[in-house]
Amino acid sequence: QHVVKMKGVSKIFPNGNVAVDNVDIDIADGEFISFVGPSGCGKSTIFKMISGLVENTTGEIEILGSQVQTAQQKRTDVGFVFQDATLLPWRSVLENVMLPLEFQRMSKVEKREEAERALKLVGLKDYAKSLPRQLSGGMKMRVSIARALVAKPKLLLMDEPFGALDEITRQSLQSELLRIWESQKMTVLFITHNVFEAVYLSTKVAVMTPSPGKIASTVNVSLPFP
Ligand code: ADP
Ligand code: ADP
C-alpha cells in the first residue's frame, strides 16, 4: 500500500530553474520518511507538488490512491506544518486549530471537541483561549502541529518544522511527534537539514544531491532505540 507515488517527476520553473529532476519514489503507508539535503536541492518543491501548490512539469504523482490534479485542491487527508508556525494572530489558539474544519460537515460543538482533542495531543489543552502572541516559539509550533492533525490526516507533510527552535524544545517536540505518529497511524514526510534529526525520527531517509532535484539514495533506518 503506497501513500505517495512519484514517477518521472520533474519541476522546471518558468525562469529555467530545474528544481526537481526526474524523481521516482514510492512511500509506503505508515512510513516516517525524512528528506535530507542542502538548501536549494528541491525538498520544498517536492512537498509543494505533493500538496498541489506547485504543478509538476513532467511525470505522475499519486497521493492516497488518487492523481494530484489541480493546484489548491482542498484535501483534508493531508496535513501541513511549515517552518514558521503561521497562526492567525487575532484568533485564539483553539480557533486557529479549528480552521481546517471550517468546510467540514460537523457541528460547531464537534469542531470544538476535535480541536480540543488535537490540542491535548500536543499538551496545550490549557491554552485554548490564549492568543498566539502569548505563546513561546515552541508552543506556537505545537499549535501548528495540532492544526495539521485536527482533520485526522493520513499524510502529514512537515517542512523543517523544528529548524528555528532551541535544542531542548526541539528534543521534546521530536519525542512528541514520534508518539503522535505511532498513535495516529499516519505517514509522515519530513524535511530537515539535520542528519541526526532525520536518523532519530525516521524509518527511512531520502538523501538529496546538492545539485538540484535528485534523490541520491533512500536508506532504511533501523537503529535500536528504546
Ligand atoms: P530546498 O527546499 O531543498 O531548499 P527548493 O525546493 O526551495 O529547495 O528549491 C529548489 C530549487 O528551485 C532552488 O534552486 C530554487 O532556487 C529553485 N526555485 C524554487 N522555487 C522557485 C520559483 N518559484 N521560481 C524559480 N526557481 C525556484
Ligand atoms: P527553503 O530553502 O526554506 O525551502 P527558499 O528560501 O529556497 O526556501 O524559498 C523561499 C520561497 O521562495 C519559496 O516559496 C520558493 O518557491 C521561492 N523561491 C526560491 N527560489 C526562487 C527563485 N530563484 N525564484 C523565485 N522564487 C524562488
Side-chain angles (χ1 to χ4, degrees), residues 3-27 31-64 67-75 78-87 137 140-141 144-145 147-148 153 155-167 170 173-174 177 181 186-221:
V3 171
V4 176
K5 282 164 93 73
M6 297 184 111
K7 198 165 186 299
V9 172
S10 301
K11 176 63 191 180
I12 304 161
F13 281 104
N15 68 354
N17 280 354
V18 180
V20 174
D21 186 9
N22 198 26
V23 161
D24 296 320
I25 192 165
D26 288 342
I27 301 167
E31 205 90 71
F32 192 129
I33 182 166
S34 290
F35 291 78
V36 183
S39 204
C41 71
K43 305 181 294 292
S44 298
T45 304
I46 289 179
F47 274 33
K48 285 175 190 166
M49 289 191 292
I50 290 172
S51 64
L53 289 172
V54 161
E55 204 176 343
N56 48 315
T57 313
T58 68
E60 279 168 31
I61 306 175
E62 210 183 284
I63 307 298
L64 300 160
Q67 209 79 20
V68 171
Q69 283 149 3
T70 51
Q72 320 269 13
Q73 57 181 320
K74 276 238 174 301
R75 298 195 70 127
V78 182
F80 308 93
V81 179
F82 299 108
Q83 188 159 17
D84 46 344
T86 42
L87 304 172
K140 282 184 205 152
M141 184 49 74
S144 168
I145 294 171
R147 184 180 55 189
L155 179 61
L156 179 63
L157 303 180
M158 306 183 88
D159 190 347
E160 284 220 59
F162 308 149
L165 302 175
D166 66 89
E167 192 53 34
R170 177 176 19 250
L173 285 186
Q174 284 171 341
L177 176 60
W181 167 65
M186 60 185 172
T187 307
V188 179
L189 275 60
F190 192 91
I191 291 179
T192 178
H193 283 105
N194 185 332
V195 177
F196 296 103
E197 179 170 63
V199 171
Y200 174 61
L201 291 175
S202 315
T203 57
K204 224 169 231 189
V205 179
V207 183
M208 311 270 304
T209 61
S211 57
K214 285 195 183 300
I215 295 177
S217 60
T218 308
V219 188
N220 287 311
V221 184

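Counting starts at 1 for both ligands and their atoms, in listed order.
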With a 4.0 Å cut-off on heavy atoms, is Gly37 in contact with ligand 1?
no
When you measure from the centre of the six-membered ring of Phe13, is the NZ or CZ of Lys11 under 6.0 Å away and within 45° of the axis?
yes
Any donor-acceptor pair under 3.5 Å from Asn15 side chain to Asn17 backbone:
yes
Sorted by chain and number, sequence neighbours left out, salt bridge (Lys or Arg N to Asp or Glu O under 4.0 Å) with Lys140 holds for none
Using distance alone, determine whether Gly42 and ligand 1 share an N or O pair under 3.5 Å.
yes
Which of the numbered atoms in ligand 1 are below 4.0 angstrom from a heavy atom of Cys41?
1 (P), 3 (O), 8 (O)
So is there a nitrogen or oxygen of Ala19 less than 3.5 Å from a nitrogen or oxygen in ligand 1?
no
Across all chains, not counting sequence neighbours, the salt bridge (Lys or Arg N to Asp or Glu O under 4.0 Å) partners of Lys204 are Glu31
Give the single entry among Pro210, Pro212, Gly40 that approaches atom 10 (C) of ligand 1 most closely by any heavy atom.
Gly40
Quick one: which ligand 1 atoms are inside 4.0 Å of a heavy atom on Asn15?
25 (C)
For the residue pair Phe32 and Phe190, categorise the inter-ring angle as parallel (less than 30°), tilted (30 to 60°) or perpendicular (more than 60°).
tilted
Is the backbone of Val207 close enough, under 3.5 Å, to the side chain of Ser217 for a donor and an acceptor to pair up by distance?
no
Please could you name the atoms of ligand 1 that Lys43 approaches to less than 4.0 Å, counting only its heavy atoms?
1 (P), 2 (O), 3 (O), 4 (O), 6 (O), 8 (O)
Thr45 neighbourhood, listing ligand 1 atoms whose heavy-atom distance to it stays under 4.0 Å
5 (P), 6 (O), 9 (O)
